Amino acid sequence: MICCPLSFRVLAMAPISNVEKMASIDAQLRILAPSKVSEDDKLVEYDALLVDRFLDILQDLHGEELRETVQRCYELSAEYEGKLDPQKLEELGNVLTSLDPGDSIVVSSSFSHMLNLANLAEEVQIAFRRRAKLKKGDFADESSATTESDIEETLKRLVVQLKKSPQEVFDALKSQTVDLVLTAHPTQSIRRSLLQKHARIRDYLAQLYAKDITQDDKQELDEALQREIQAAFRTDEIRRTPPTPQDEMRAGMSYFHETIWKGVPKFLRRVDSALKNIGINERVPYNAPLIQFSSWMGGDRDGNPRVTPEVTRDVCLLARMIAANLYYSQIEDLMFELSMWRCSDELRERALEVHRSSKSVAKHYIEFWKQIPPTEPYRVILGDVRDKLYNTRERARHLLTNGISDIPEESTFTSVEQFLKPLELCYRSLCTCGDQPIADGSLLDFLRQVSTFGLSLVRLDIRQESERHTDVMDAITNHLGIGSYREWSEEKRLEWLLSELKGKRPVFGPDLPKTEEVADVLGTFQVISELPSDSFGAYIISMATATSDVLAVELLQREYRIKNPLRVVPLFEKLADLQGAPAAVERLFAIDWYRNRIDGKQEVMIGYSDSGKDAGRLSAAWQLYKAQENLVKVAKKYGVKLTMFHGRGGTVGRGGGPTHLALLSQPPDTIQGSLRVTIQGEVIERSFGEEHLCFRTLQRFTAATLEHGMHPPVSPKPEWRALMDEMAAVATEEYRSVVFKEPRFMEYFRSATPVLEYGRMNIGSRPSKRKPSGGIESLRAIPWIFAWTQTRFHLPVWLGFGAAFKCVMEKDIRKLQMLREMYNEWPFFRVTIDLVEMVFAKGDPSIASLYDKLLVSSDLWSYGERLREKFIETKNLLLLVAGHKDLLEGDPYLKQRLRIRDSYITALNVCQAYTLKRIRDPGFNVKLGPHLSKEVVNHNKSNAELVKLNPESEYAPGLEDTLILTMKGIAAGMQNTG
């Protein structure tokens, strides 16, 4: 087992200089070299350095004894990981529960912080290995072929190996679209202020190990590194109040400021270079829709009462203001760059028109720009653009803050075409005058930004549950005296909806009686009708089941006279809904009115989260696969181009996994150059938190989408399908028999996990349940996955796999050979198995057993034991199918990264389990172990002020903060929240 060596922790306690410590660490690494994965692996060294610096800071701030306590906890945790001895967990529990409240907060915060540092060390190490491989020209390793999609290598492979012509590749690339949809799902457990500090720590660590660094530079970087580590540790990790939807929107938009805005043109330039290398001497057109961005932040009202029509209005105006400001901040640089006087007659004529009318410009316009002569025509044109951008920004600001603005709309940009027109004029003129190299510089980047982000920065999707639309329709039909829409059959609903859609009269007037819920739905359509149409993307209907769900939204759009109606996208989530999706969509396409409305294009969203919660991962994955195949068949039958919208989360239980593998394992013909996918919660940070992460994300999606379209994955053989159908049926029955049919499962789940305490993390604006009452069926997928991830049991991911494998192999042992054939030859099946294997590598049933022992009533202990037996049996069967002797034997790098984090996570797991025990059973008391004394554990009363940070908690002092810190730390360690 590879872990962060304890010798470093002992070394860190010695009173020697940082330079001496680094030299000593280097010496010890030479001794450890045989156990390393490879000679270029710096992970152990990076982790040791960061934790060494942190422990020094911890001692300076809180004293040597508390540092020794943290050291002791780590040692006990590492001993447990080495021998899996449950006695070590009990000893660790004794240490942790004997601390006073303030010290308990510091210790849990320390381990949470060390896990974040371990993650940063891992990120720097991965970047180091990638650079090393790129220098060697070696792409055949885990960082490229299996988990990455390098755009240049993809283009070369398509041309050289798959014999596609360069022009075919170029044509396919410039016509494809990837729309990345940022959502505010509450899974980002780390505060934004901490993420920024982590980014600086990562940068300093990378620079510290750069080649040719001087000793002075090394000293300065080391001091800067220590400052940032201390600043991060001294920042309160806990959100004291839940964020508002507007807060979530601002947090999401910060990624555009920091990486995405400049990352898009940079990436597109790399695509240009890759095309040149396969013989295409033409750039990707600036208006090619390669990358698009959308958002659910402030539009996702499914079960979130905090997302009101007013919130939707606010976030749309905020996004427009941010977009205008980003353009405005760049336009002046472009004006100085385009100082040349040669231009086309077309541009000179336009420049003279603008110059003559300069006295009518807004007051803010700097006098200098009024006096620019037509001998600098590009500056005149761009000066006018600058003025309109200023007005566009200020008008949005006024509307956002006051609801009105004295800036006339005609002095602003009201459409992206209007914005592009003068920029295109400048581009054409430069090319005409022989200055295309200049045109292809900053101006081309700017054009690409305008084409990608428009005036709205992102297009806001609106999401609402189908039942809420049914409420509105029911209120209307009852008011009209024609009956209850809710009680009508599907046929009668469709008949009425179509008759109204084909008519011209309003369906209802201002006298319609409205409940609060109905008023909220109608208020949303009112806001959509009032704001610019380019602010919006799709209208998503969650929990869609029938054709009438779509037509009801179409009727409401017509009722509010929305000039450019949003495309209506049904979201099929549960297993039965996915099974019925093709029939519902076919019935929709069979309606002449609807086919005329959609102009040959339809989008359908499939949900990974609720389908997994409903039937388990195996059954959900297979049904999602089949649903896509059948939906594509229906679309082809009616001549409709179908875009699949994948609602994937961050965890495997919610459809998460490496982007490259996820896309290339989709059924053939289901992407076809058009893809939408959600980027949720903590995945946003991992995708766009840094420049290089942003570049890799854009590259992955673009290259994998292109490859899937031009080189589709193999289709499953008929016998594979039959076997999957058989296994899925068994897996569904096994999963539901445990989760939904076991009478006391809900009681066990609430006792054995921290699901009841999840809401105290304040990591999202949305409630954890769609309905305040109800069981598993009303619980959202995020807290469902979160709770099992915290205990390292991951039940929703693996439950059902073991029963399915066991059933088919007991019937016919020859099926094992077929399963191995499927694993080796079918990308979908291999990815499914590999992801579950990774989850098993993160799991630990002994940790889950500790939660049971402390938190679950004794009459349910046997229940937990049976589940842990299923865990072990399923793991062994999974390895048998994959042909592996041990978990992750084919990915030693990932295996090492997980092992380094294990000891930190275990300490937090034990702390969490005992803290939950003390919260739920106030009379609980742990006796001091033989290795402790009260004098040792109650050493630092100065940490008492930490308890005062949360004075309103109904728990005993310090317990709530300790619990939340363990939740956040474990989430960081597992690198998954929900």
Side-chain angles (χ1 to χ4, degrees), residues 245-247 249-250 252-254 256-257 261 293-295 297-299 308-335 353-354 357-367 369-370 380-423 446-447 449-460 462 523-537 560-564 566:
Q246 291 95 326
D247 292 335
M249 173 66 169
R250 289 185 180 91
M253 293 306 98
S254 68
F256 287 86
H257 275 289
W261 185 258
F293 291 92
S294 299
S295 171
M297 300 175 188
T308 63
E310 292 73 25
V311 165
T312 296
R313 178 183 176 278
D314 284 355
V315 298
C316 287
L317 290 172
L318 177 63
R320 295 183 85 79
M321 186 180 76
I322 292 172
N325 193 54
L326 286 167
Y327 291 126
Y328 184 79
S329 66
Q330 287 183 205
I331 193 69
E332 193 164 287
D333 291 339
L334 197 58
M335 291 170 70
E353 289 176 9
V354 171
S357 62
S358 61
K359 294 188 182 296
S360 64
V361 298
K363 292 179 181 179
H364 89 281
Y365 208 140
I366 301 172
E367 190 67 26
W369 295 116
K370 290 183 183 178
V380 173
I381 298 293
L382 294 176
D384 188 49
V385 172
R386 180 181 185 273
D387 185 60
K388 286 185 177 176
L389 282 172
Y390 177 88
N391 288 340
T392 302
R393 182 188 69 186
E394 292 307 297
R395 179 175 167 81
R397 189 197 304 279
H398 296 165
L399 291 172
L400 182 63
T401 55
N402 305 319
I404 58 172
S405 175
D406 58 1
I407 296 176
E409 191 175 38
E410 56 269 21
S411 68
T412 69
F413 286 122
T414 57
S415 70
V416 71
E417 293 77 18
Q418 184 187 14
F419 188 7
L420 282 170
K421 190 175 180 180
L423 302 175
F446 198 82
L447 280 162
Q449 286 171 320
V450 175
S451 295
T452 301
F453 303 110
L455 292 170
S456 60
L457 191 63
V458 293
R459 289 180 179 265
L460 184 70
I462 303 297
T524 301
F525 283 94
Q526 182 66 43
V527 166
I528 295 171
S529 70
E530 293 170 352
L531 290 172
S533 59
D534 64 352
S535 294
F536 299 102
Y560 278 88
R561 295 177 174 82
I562 296 171
K563 294 178 182 177
N564 296 295
L566 281 62

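Values in this document were obtained by computation on a predicted structure and should not be read as measured data.
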Checking Thr312 side chain against Gly298 main chain: does a donor-acceptor pair fall under 3.5 Å?
yes

May I ask you to check whether Arg320 and Ser535 show a side-chain donor-acceptor distance below 3.5 Å?
yes

Is there a donor-acceptor pair under 3.5 Å between the side chain of Asn564 and the backbone N or O of Ser533?
no

Contact summary for Ile381 and Pro422, nearest pair of heavy atoms
CG2-CB, 3.8 Å

For residues 400-420, which residue pairs pass the ring pair (Phe, Tyr, Trp, His ring centres under 6.0 Å) check, not counting sequence neighbours?
Tyr327-Phe419, Phe413-Phe419

Any sub-3.5 Å donor-acceptor pair from Gln418's side-chain atoms to Thr414's backbone N or O?
yes

Tell me whether Arg459 forms a cation-pi arrangement with Phe536, defined as NZ or CZ under 6.0 Å from the six-membered ring centre and within 45 degrees of its axis.
no

Where is the tightest heavy-atom contact between Asp534 and Leu455, given as atom of each residue plus distance?
OD2-CB, 3.9 Å

Validation row: Gln246, Leu318 side chains within 4.5 angstrom (heavy atoms):
no

Kindly indicate, with the supporting measurements, whether the criterion side-chain contact (heavy atoms from CB on, under 4.5 Å) is fulfilled by Lys388 and Thr412.
CA-CA 5 Å; Lys388 286 185 177 176; Thr412 69; 6.0 Å; no

Work out which heavy atom in Leu389 is nearest to a heavy atom in Ala324; give both atom names and the distance.
O-CB, 4.0 Å

Is there a side-chain contact between Thr524 and Thr308 in this structure, where contact means two heavy atoms from C-beta onward sitting under 4.5 Å apart?
no

Keeping the roles fixed (side chain from Arg386, backbone from Ile331), state whether a donor-acceptor pair exists under 3.5 Å.
no

Begin from the C-alpha positions of Leu457 and Phe256 and carry the test side-chain contact (heavy atoms from CB on, under 4.5 Å) through to its verdict.
CA-CA 9 Å; Leu457 191 63; Phe256 287 86; 4.1 Å; yes

Within the side chain of Gln449, is there an N or O that forms a donor-acceptor pair under 3.5 Å with the backbone of Trp261?
yes

Side-chain contact, heavy-atom cut-off 4.5 Å: Pro309 with Val527?
yes

Any ion pair linking Glu310 and Arg313 (charged N to carboxylate O, less than 4.0 Å)?
no

What heavy-atom pair brings Ser405 and His398 nearest, and what distance separates the two atoms?
OG-ND1, 3.0 Å

Applying side-chain contact (heavy atoms from CB on, under 4.5 Å), run through Leu382 and Leu423 and close with a yes or a no.
CA-CA 8 Å; Leu382 294 176; Leu423 302 175; 3.8 Å; yes

Compare all side-chain heavy atoms of Val458 with those of Phe453 and state whether any distance is below 4.5 angstrom.
no

Can you give me the closest heavy-atom contact between Ser456 and Ala323, atom names plus distance?
C-CB, 4.4 Å

